[in-house]
Each structure stands twice: as structure tokens, then as C-alpha cells.
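Just so it is clear, the values below take in all heavy atoms, side chains as well, and ignore hydrogens, waters and symmetry mates. Just follow the structure's listing: the first ligand is 1, and inside any ligand the first atom is 1.
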Amino acid sequence: MTYKCIVTTSWDDGYPQDVKLAELLKRYGVKGTFYITTSNQGDIISEGDIIEISKYHEIGSHTHRHIILTAVEAYICMQELRKSKEILERILGKECISFCYPRGAYNAAVKECAKKAGYRCARTTQHFHTNFHDPFEMHPTLHASKYGITYCVKGSLKLHLLGVKHIFDWVSFAKRTFDYVYKHGGVWHLWGHSWELEQNDMWDELEEVLKHVSGREDVKYVSNGALSIHNVL
Ligand SMILES: [Zn+2]
């Protein structure tokens, strides 16, 4: 079955607050892909929590050490892509098909590495897209960030239809971008970091956005991986 409007979300880096975020998304029936950096450095999510989150959401790879893949040789790129995939597959006991480019840095060679490593899709950080063409250039619609909206005003979305003043208020902007996709068709893809929600006290704001986009019978709520492998659009 195909749907006119798809909602997907993705959350980067693998922070302990991902647990709270996963529960909030689940409460509203919204799926997320949690992209984990596997090198075990810093304040990161535990293996047990990764397994718990994977019961409802998807776990994707975000490389092993969160390095900029366009800045390293191809064999290092392959190592990073394969190692994180292997670690996550060992933890989860199932295939890890989704990948996210650290800092959104990719080129044709990196894309090729992601395909060769066995992934089925890769997310970028290019904003304001509402369509889905290339699974290895899965562009999101907006960043769940108080201050991140204004610096990235580009992409395929017709911003003038949304009203420029709304780009300064991410909740209003999120609702309006969803309304646009709901009316015209396409993919509404919210991405961010759980640490950012925590640091900027954005939990209630995210909940307001989730209330707005959730529970609609004619909308399909999927993970990034499900969007890439199933023909839902
Ligand atoms: Zn990252």
C-alpha cells in the first residue's frame, strides 16, 4: 500500500536521553531511527538501552568514531562503515541497514562505500526536503533545534508558502512544514539530537509537534530504513 504522506524521524549520536526520546515518540506512534556512534567514547547510550529502543524503533549506524568521511581515505571510510555495522548487528542480533553521514559530510565515493558496506540507505543533513529519490541521499525536512532553522534555509520546500516569520519558531515551522507535506504529499522528516532537546529544554515543544503530526489514518509513520526498503510513497 502506498501513502500520500509519510512521517519519519531520526536522532543522531546515541546519547542516554535517547531512551526518554524513544518513549515519547512511541507514545505518539511516531517511528524513529536512532543513529549510534559505536566507539564507546563519552556519555553514550548503553547496549541494553539500544536493545530496548530497537523493540519499537530502528537502530542505524553513525560510523564507529564519528569521523568526517570525506576527509579520510576510502579504506578508513570502509572500516568505519563496516565496524559500526558489525557492532550494532552483534548487539541487536539483526541486520543494520540504515546509515547517517557524520556532520552530513558525503560525496560520491562515500556514498559508494556505504552501498558496498551493505547499507540500504543513508541520511544527510540537507534541510527542507519533502521528497525521497535517492536512498543514499535521504534528506530531512527540518532539524529539531531552537537555533538551527535560520542557518539552513534551502532545499526543495517552498518556504514562501509557509511564511518566512515562522522559520524563527521551530514548533510553528515544524507544524507548517507538516501541513504542507500533508496537503501536497511527500515525506516529513524531523531529525535532531536528544542532548539538544535536553540542553535547550525542548521536550514539551517536541511533544506539541508530535501531537500535531500523529494519529492520522492517512499518514504512514515509518523508520528511515522502512521508508527506503518498502514502497510506501
Ligand atoms: Zn553526529
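Exactly one residue among T124, V187, T125 makes a side-chain contact (heavy atoms from CB on, under 4.5 Å) with P140. That residue is T124. Under the ring-ring contact (aromatic ring centres under 6.0 Å, His included) rule, Y119 has a single partner from F136, Y35, Y101, F99, which is F99.
If you look at the Zn ion (ligand 1), the protein N, O or S atoms less than 2.8 Å from it are D13 OD1, H62 NE2, H66 NE2.
Every residue two or more places apart in sequence or in another chain was checked for a salt bridge (charged side-chain N to carboxylate O under 4.0 Å, His left out) with E23, and none qualifies. Applying the salt bridge (charged side-chain N to carboxylate O under 4.0 Å, His left out) test to E80 and every residue at least two apart in sequence or in another chain returns R65. Every salt bridge (charged side-chain N to carboxylate O under 4.0 Å, His left out) that E47 has, sequence neighbours left out, goes to R90.
In this structure, K83 places its NZ atom where only 12 or fewer heavy-atom neighbours from other residues, nucleotides or ligands lie under 6.0 Å away.
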